[in-house]
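Here the structure is a predicted model, which means the values were calculated and not measured. In what follows, residues are counted from 1 in the order of the sequence shown.
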Amino acid sequence: MDRSQPLWVYPEKNPALLQSIVGEFDIHPVTAQILISRGLKTLPEIHEFLYAKLPNLFEPDLFPDMNKAVERIRVAIQKQQKILIYGDNDVDGMTAAALLTEFLRDAGGQIYVHIPHRTMLKKSLMGDALQFALSHHCSLLITVDCGITAAKEIQEVVEQGIDVIVTDHHEPTSKIPHCIATLNPKLINSTYPNRDLTGVGVAFKLAHAVLNELIENDEINPSQIDLKSYLDLVALGTIADMGSLKGENRILVRYGLKQMKKAKRIGLAKLFQVSELEQGDLAPVEVASKIVPRLNSLGRIADPIKGVQLLLIRDPAEAETLAKELDINNFERQKIERKASDEIEEYLFQHREILSDKAIFLYSENWHPGIIAILSARIAKQYNRPTLIVSIEDGIGKGSIRTIPEFPLLPILKANEELLINFGGHDYAAGFTIKQENIPAFKKAFLRAAEQRLQDVDITIKLFLDAKVQFTELTFDFLESLTLLEPFGHDNSPPILYADAHQIWPPKVVGKYHLKLFLEEGDRMLEGIAFGLADKKELIRRKDIDLCIAFTPHINLFHNKASIQLQIKDFQTKLYN
């Protein structure tokens with residue numbers, strides 16, 4: 001597979017601000033430059049980024065409809081009316097459903113919880129919720145991580161005498177559901193300051209508001225419920241849904257990871273065991289790569305309600321059995337995904353002309369609908385293009401789209417609404433259903449829109465550099481200081497530094513696809529590992545070459561001995577000139 005050379009984007013320099021940051025916070029100049037590179041422009045902004053705590057969270061009643069939602073839930077608890085929590089079938093939906101279910105049960109509510117199968121058509125989801133609510137005699141339906149685009153379907157629920165509260169974070173369409181309350185930070189009239197809350201974040205805000213009201217009215221003992229106990233779920237769902245790790249989300253995930261490390265949620269603890277992860281040393285990347293796929297495997301190829309059950313379970317033996325089942329499901333999901341991924345890679349290799357377009361649009365009857373979101377995300381990242389993948393079954397296509405910042409999705413989806421059965425999501429990740437006969441017309445429209453709106457530079461892979469560094473500055477103390485910037489994740493990635501270095505020995509190929517580099521700068525020698533760059537060995541096959549390297553430093557433990565190693569993202573030599 002050809003590999004295009006990334007475009008290096010060098011950091012913005014602001015010497016006066018850098019000196020102010022160093023003086024104010026007593027941090028390393030390189031760390032200060034990283035903060036500037038991340039777009040932080042004032043000392044108060046930087047203080048909040050580095051040191052914000054739970055009391056800095058926004059008040060939940062900043063949501064315009066929050067008081068209506070709280071009052072309706074209070075009535076339901078007082079009158080012992082049955083409440084249905086209905087969630088989307090991804091990890092954000094599962095965690096949001098588990099959080100509200102656990103909280104409202106602890107608050108004395110009569111709660112049912114239901115998650116639909118991923119293979120169900122989008123238009124039938126609210127019909128599914130209605131049937132469940134009617135069969136279980138529920139008076140109140142609360143959606144989590146879904147519902148904002150289902151105005152018509154929610155109207156049908158309301159007409160059956162069931163009150164509805166929508167909690168969601170997806171972009172709304174032109175018609176907002178007519179119900180008791182709609183909690184969504186992306187509503188046009190929303191006064192909630194954090195537009196980047198995920199579904200589980202909105203659910204947490206609702207729980208917080210309900211608890212405040214119950215305590216204020218002496219309907220619950222303040223010591224009865226600790227909101228911090230739900231932060232592990234908030235962190236898990238936020239990481240899974242690639243919530244921006246800035247502002248309020250950063251606080252929620254930072255404290256949520258601390259809660260996760262306490263291992264008080266038995267099902268999650270068992271899931272960590274089968275994933276061979278130590279809970280004492282957690283970071284979002286481990287959660288995203290090990291825990292999220294196992295939970296998501298239920299939503300993709302099995303029954304996602306089991307994910308909620310695992311998060312709520314109290315019995316260790318049952319939790320272990322369920323965690324092992326998730327592990328097996330994940331293995332099956334990996335096999336299905338690998339087969340489809342190999343097929344797509346081979347197709348792209350045989351049809352290189354596809355890459356002359358500024359977007360990628362693929363469809364097939366061979367791909368499982370549960371794994372197309374993973375595939376579209378991977379291909380979009382690999383080729384830095386908007387990528388749309390459709391799985392076709394019985395004349396209906398289920399599509400998943402991932403994109404780049406320069407090409408938001410909702411305008412193109414709205415412009416072609418007549419070709420689609422339904423659609424929903426964000427500007428950068430969306431899904432839809434479509435009749436098979438409309439796929440060619442939608443493909444033509446999608447590719448044409450990408451061609452019109454994107455320039456060649458937009459689809460060039462970019463490497464954003466945070467700061468230049470000398471090898472002598474790469475000490476254990478410096479790496480420890482970088483933990484101030486954690487948690488790393490979406491919108492707050494691990495810093496990429498760059499340095500001039502001299503290659504003192506030829507590189508070695510490690511594990512078939514990776515390169516090990518032996519580098520020197522000044523009097524310091526460091527090893528670097530360049531994952532997936534073995535195909536570049538010929539460019540630097542001899543020793544005594546001057547390089548500019550882009551890397552993330554990390555501490556490597558081998559035989560209980562710690563050393564600093566560079567994870568090389570890219571390198572440049574005079575051969576590129």
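- Looking at Asp65, its side chain does come within 3.5 Å of a backbone N or O of Thr182 through a donor-acceptor pair.
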Check the pair Lys536 / Gln5 against side chain to side chain contact (heavy atoms under 4.5 Å, CB included), numbers first and verdict last.
CA-CA 11 Å; Lys536 286 192 171 186; Gln5 171 65 13; 3.0 Å; yes

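- The closest side-chain heavy-atom distance from His368 to Arg333 is not below 4.5 Å.
- Heavy-atom minimum distance, Pro487 versus Asn492: O-ND2, 3.0 Å.
- With Ser37 contributing its side chain and Gln33 its backbone, the two residues share a donor-acceptor pair below 3.5 Å.
- Here the straight-line distance linking atom NZ of Lys68 with atom CG of Leu183 works out to 10.5 Å at 0.5 Å rounding.
- Counting heavy atoms from C-beta outward, Ile372 and Val390 have side chains that stay 4.5 Å or more apart.
- A donor-acceptor pair under 3.5 Å is absent between the side-chain atoms of Thr387 and the main chain of Ile360, judged by distance alone.
- Residue Tyr10 places its OH atom among more than 12 non-hydrogen atoms of other residues, nucleotides or ligands, all under 6.0 Å distant.
- Using a 4.5 Å cut-off on side-chain heavy atoms (C-beta onward), Leu100 and Ile83 make no contact.
- Atom CG of Asp357 is separated from atom OH of Tyr383 by 13.5 Å, given to the nearest 0.5 angstrom.
- A distance of 8.0 Å separates OG in Ser244 from CG in Asn194, rounded to the nearest 0.5 Å.
- Separating the NZ atom in Lys462 from the CG atom in Leu7 is a distance of 7.0 Å, to the nearest 0.5 Å.
- Salt-bridge annotation for Lys414 and Glu417: absent, with no side-chain N of the basic residue lying under 4.0 Å from a carboxylate O of the acidic one.
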Residues Asp168, Val202; criterion side chain to side chain contact (heavy atoms under 4.5 Å, CB included); working and verdict
CA-CA 7 Å; Asp168 202 349; Val202 179; over 6 Å; no

Working note: Ile180 + Val158, criterion side chain to side chain contact (heavy atoms under 4.5 Å, CB included); need CA distance, chi angles, decisive distance, verdict.
CA-CA 9 Å; Ile180 294 288; Val158 172; over 6 Å; no

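- Checked by atom type and distance alone, the side chain of Asn366 never pairs as donor or acceptor with a backbone atom of Ala340 at under 3.5 Å.
- When Lys186, Glu248, Glu59 are each tested for a side-chain hydrogen bond (donor to acceptor under 3.5 Å, both in side chains) with Tyr192, only one passes: Glu248.
- Using a 4.5 Å heavy-atom threshold, the side chains of Val144 and Leu99 count as separate.
- Between Phe361 and Tyr363, the angle of the ring planes goes over 60°, which puts this pair in the perpendicular group of the 30/60° scheme.
- Between Met242 and His426, every side-chain heavy-atom pair lies at or beyond the 4.5 Å cut-off.
- Checked by atom type and distance alone, the side chain of Asp427 pairs as donor or acceptor with a backbone atom of Leu410 at under 3.5 Å.
- Taking the ring-ring contact (aromatic ring centres under 6.0 Å, His included) definition, one finds that Tyr347 meets it with His351, sequence neighbours left out.
- Between Ala373 and Arg402, the shortest heavy-atom contact is CB-NH2, 3.6 Å.
- Remark: side-chain polar atoms of Asn384 are paired, donor with acceptor, to backbone N or O of Thr460 under 3.5 angstrom.
- The two atoms that bring Gly307 and Met94 nearest to each other are CA-SD, 3.8 Å, heavy atoms only.
- Listed for the Asp458 side chain is a donor-acceptor partner under 3.5 Å among the backbone atoms of Gln455.
- Taking the six-membered ring where the residue is Trp, Phe103 and Tyr230 present perpendicular rings, their angle passing 60° and hence far from 30°.
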Between Asp232 and Leu311, does the side chain to side chain contact (heavy atoms under 4.5 Å, CB included) criterion hold? Intermediate values first, please.
CA-CA 10 Å; Asp232 53 354; Leu311 296 171; over 6 Å; no

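- Smallest separation of non-hydrogen atoms from Pro293 and Val287: CD-O, 4.4 Å.
- Atom CG of Leu388 and atom CZ of Phe446 lie 5.0 Å apart (nearest 0.5 Å).
- Two residues are said to be in side-chain contact when any heavy atoms from C-beta on lie closer than 4.5 Å; Glu153 and Pro177 fail this criterion.
- For His178, there are no ring-ring contact (aromatic ring centres under 6.0 Å, His included) partners, not counting sequence neighbours.
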Apply salt bridge (Lys or Arg N to Asp or Glu O under 4.0 Å) to residues Lys358 and Glu406 and explain how you reach the verdict.
CA-CA 11 Å; Lys358 291 191 170 69; Glu406 296 84 354; over 6 Å; no

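- Partner of His169 under the side-chain hydrogen bond (donor to acceptor under 3.5 Å, both in side chains) criterion, chosen from Asn184, Asp92, Asp196: Asp92.
- Residues His490 and Asn249 have side chains not in contact (no heavy-atom distance under 4.5 Å, counting atoms from C-beta outward).
- Checked against Asn438 for a side chain to side chain contact (heavy atoms under 4.5 Å, CB included), the options Leu419, Ile421, Leu420 give a single hit: Leu419.
- Between Ala209 and Val70 the shortest heavy-atom distance is CB-CG2, 3.6 Å.
- Counting heavy atoms from C-beta outward, Leu252 and Leu197 have side chains that approach closer than 4.5 Å.
- Every residue two or more places apart in sequence or in another chain was checked for a ring-ring contact (aromatic ring centres under 6.0 Å, His included) with Phe551, and none qualifies.
- Between the Arg195 side chain and the Ser190 main chain, no donor and acceptor come within less than 3.5 Å of each other.
- For the pair Asn89 (side chain) and Pro116 (backbone), a donor-acceptor distance under 3.5 Å is present.
- Side-chain atoms of Lys205 do not come within 3.5 Å of backbone N or O of Leu62 as any donor-acceptor pair.
- Taking the six-membered ring where tryptophan is involved, the planes of Phe531 and His514 are perpendicular, since the angle between them exceeds 60° and thus also 30°.
- Scanning all heavy atoms of the two residues, the minimum distance from Glu171 to Thr149 falls at O-CG2, 3.9 Å.
- In this structure, CG in Asp88 is found 10.0 Å from OG1 in Thr143, a value given to the nearest 0.5 Å.
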